[in-house]
Amino acid sequence: MTTLVEIVSWLAIAYFAALNLTYAALIVISFIESGHHERRARYGGYDVLFRSPFTPPVTVLVPAFNEEPTIVDSVRALRFLEYGEYEVVVIDDGSTDGTFTALRDAFELEDQSTPIRRRLATAAVTGVYVSRTWSGLRVLRKANGGKADALNAGINVARFPIFCAVDADAILEKDALLRVVKPFMEHPAETVAAAGIVRVLNGCRVSAGAVESVHAPHRFLPLVQSVEYLRAFLAGRTAWSRLGALFIISGAFGVFRKEAVVEAGGYRTDTVGEDMDLVLRLHQTMRWARRPYRMVFVPDPVVWTQVPERLHDLGRQRNRWQRGLLECLVHGRGMLGNPRYGVLGCLALPYNWLFEVLGPFVEIAGYLAVIAGAATGILDLRYLGLFFLLAVGCGMALSISAILLEETRLHRYRSPGDVARLLLAALGENLGYRQLTAVWRVWATVDYLRGAGGWGHIERRRLATDEARGGGLAGATAAEQVTLAPRPGAGD
Amino acid sequence: MNDVILLTTVLVVFGCAVLLVLLTLLTRVLAMRRRARFLELEPRCREQVEQLILSGARPRVTGAAERRLMLDLLLRHLSLLRGREARLIIGHLEEAGYVEDLAEGLSHGRPWQRAAAADLLGRSRSTRAVQPLTAALSDHDEDVRLVAARSLALIGTPDAVDALAGALVAPTRWALAMVADNLVLLGGAAVPALLSMMRRDDDPKAVAAAARILGEVRDPRATGALLDAARLSADVDARAQAVAALGKIGGADAVRTLLSALRDPAWEVRAQAAKGLGRLGDQTAAPALQRAMPDPSWWVRVNCGEALAQLGEPGRLALREVAGGDDRYAAEQARAVLTRLATVAARTAGEAAARARHHDAPLATVGSAGGIRVPAACGAAATAPRPAARLVGMEQP
């Protein structure tokens, strides 16, 4: 019995060391890469790119399902992007509320009988409308088919070779498009996709569909998620991007070369992780065709999005993310350990299986072992206590590193109080929140194995024209289908 | 594991966490101090810059931070000034050693530091910066070369044209955007260098880039070289860019070349030719565009339809014939364009009528609005209930 306990202990220590060393390595790479990016951005010539006729035109795709309260403000905000030539295509995915009516009234839509090049199969399109007041806006009406189907329909009507997928309830910063498209200009032949950062809107002051001042949320749940998002994007994706193994581009904000996406078959409609799935299939398509390609994460273009403020909603969201991760990993299992896929196949995907899928099980097993050990007296409680402290310390160090990264490179939170709150959240998230997340993820894996699915619903607060502070999303609440929720990525 | 080792590890990890917290706070404190220092120095420096501009009094600075701030303020003012005031600032930048310091920075340090120095030198508009910037054109880092070329163009020396055109030899699209802006601004002065780029038969990328910029400059001197590239280049992109440029510059030769480009084997060239013919508005092109409309490529069909829409009555007649023709895909496109034209015409007529009512003037004639005659069939389509979007299948083989 003692030998078994020793073996398990050593395995746990090895796993724990591998996990934290990997995280530490990713953080170091992120520091180097984001510093390089920040220095280059100083003479990036964004003003030149803005007025240059050589900046490639972009189609912004906005899939919307029952977004009546926010859609007009969101679309209006897209009108004032600092970008040369772009069009906005809103895809009304069979909304049952007044989404289309609101758009029609606000932008004076009129029917445009136009042939559609159906390069990707989608649910039936019932109409294409153009705005009389803004020639760059088109609205597509179609039967409900989910977010992936809506995006595929948008790709079919997109006029330009590059498209940007944005959530209908997200707020894109004015210069975000210019910054995220730059990789397509620097490496035009190779770049097939680029991602920007998703940040937490809760707590920020919003005016006329734009973020007026940035603040960390006051409520605990959104605050902790702010730290999580910083960790996932700044510390995780920057590093994976640098290694050439970016495995997810958030559905809330991603830019793609249309031809590459069409070649890969577009978004898959039978998964809840359509964003990660597309990225993995793009890798597959390019590798099989033996074409040089790049998929990059750019840390400074920002899209702001609301995060759940209730435990119940958060649990559903995390359940869906974990199931999406599993679906994508299982679907792309041929890439696992396959040298053809380079760092992605040999490092990024094993990392996901080992730490993102297996990790929550190991963590929960550890907690159960503590309880069992305490009950039976087999395990050395002092040893387990120290081990728990070590795990908490590593988690804190990781989160604080992400905040330091934010503070040294991007510096979005102007108030010292915001930084202090984020630091406190980094300390507090390891005592309860992290464990709860692990339980949700284990449960999601069980759901996946049982074949339980669905998108679930979350309760979201409606954006008011002038946002109140302090977790302050004022206004009426509206239950919305979470097809357009942000996805910081499979638990990085 | 030994308890002592574990305990030590825990302490080290927590120590690291505490250190990271302190580093974060220190970063914030330093940023706040920098901001406070800036707010303290800025009024004094600004006043000195204003004195320099108004009375020629030379600013005096002490310390590196103040010097950096002064440089920033001088360059910001310089970007808004011309004439005597600009000369005063440039003179001070030279006399106070700012230009020399930046030139020195251009020759060593990391690439981003050299690029930043090149950027600032360009903004200084000092002729003393030309020599170091020209030397920087052979820097091994692409960013430094690009910024140096852009800076030379800002200073406006003749060397800048060749330097900028040289940057097109192996262009990324970013490089193109960065230097093209300056070449377009230089206008006629850039044409000889661009024409010599057009003669680089061994480098079709450079030819395509030069053709594209010549299209933006719209100088008739470029027509001959563009005609040659459109007709003779083996590279699809070079031909397409040359055809697109001809569609912007115009002229009888350009129209003839665009008409023959409608039969080019590459769809990119055909699409650009159709677009150019529409832009030039030459009504004699309508029959050729009508013949080109049943093209296998979606983009060629779209551009032909849009071009015909811009050719007035002959274009609309051609569209109606295509709409009633056998080719399903071309007919769909033609009907879509006709419906849109009718909608626009009906709307314009409605607005004209409303204006007329408002001014108590006679109503506009029904069926004619804004110089656009509304065909009977199209008028009916505009007033009839709007059809759902018609869908066509995959790209025609």
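Every chain is numbered from 1 and lettered A, B, ... according to where its sequence line falls, protein lines coming before strand lines.
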Which atom names give the shortest non-hydrogen contact between A/S401 and B/L20, and what distance separates them?
-> OG-CD1, 3.3 Å
Contact origin within A/H411 toward chain B - heavy atom pairs under 4.5 Å | side chain
A/L423 vs B/L25, side chain to side chain contact (heavy atoms under 4.5 Å, CB included): CA-CA, chis, key distance, verdict = CA-CA 10 Å; A/L423 285 171; B/L25 295 175; 3.8 Å; yes
Contacting region of B/E216 [heavy-atom separation from chain A under 4.5 Å] | side chain
Correct closest heavy-atom pair for A/G393 and B/A17 would be O-CB, 4.5 Å
Take A/E38 and B/W112 through the test side chain to side chain contact (heavy atoms under 4.5 Å, CB included) and record every step on the way to the result.
-> CA-CA 10 Å; A/E38 186 219 358; B/W112 67 270; over 6 Å; no
Kindly give the heavy-atom pair with the smallest separation between A/V419 and B/R28, and that separation in Å.
-> CG2-NH2, 3.4 Å
Under 4.5 Å from a heavy atom of chain B, the part of A/R159 involved = both
With a 4.5 angstrom heavy-atom cut-off, could you sort out which part of B/R340 is near chain A: side chain, backbone, both or neither?
-> side chain
Proximity breakdown for A/T191 and chain B, heavy-atom pairs closer than 4.5 Å | neither
Between B/D119, B/V147, B/V13, B/D143, the one whose heavy-atom pairs under 4.5 Å with chain A are most numerous | B/D143
For A/K182, look at atom NZ and say whether over 12 heavy atoms of other residues, nucleotides or ligands are found less than 6.0 Å away.
-> yes
CG of B/L6 to CG of A/L386, rounded to nearest 0.5 Å, is 4.5 Å
Interface moiety of B/V21 toward chain A, non-hydrogen atoms closer than 4.5 Å = both
Quick one: OG1 on B/T27 to CD on A/E406, what's the gap to the nearest 0.5 Å?
-> 11.5 Å
Per side chain to side chain contact (heavy atoms under 4.5 Å, CB included), A/L390 is matched among B/V12, B/V10, B/L11 by B/V10
Of the backbone (N, CA, C, O) and the side chain (C-beta and beyond), which part of A/L389 lies under 4.5 Å from a heavy atom of chain B, both, or neither?
-> both
Between B/R150 and chain A, which part of the residue has a heavy atom less than 4.5 Å away: side chain, backbone, both or neither?
-> side chain
Work out which heavy atom in A/E110 is nearest to a heavy atom in B/T343; give both atom names and the distance.
-> OE2-CG2, 3.7 Å
Rounded to the nearest 0.5 Å, how far apart are CG of B/L19 and CD1 of A/I400?
-> 10.0 Å
Where does B/A31 contact chain A at under 4.5 Å (heavy atoms): side chain, backbone, both or neither?
-> side chain
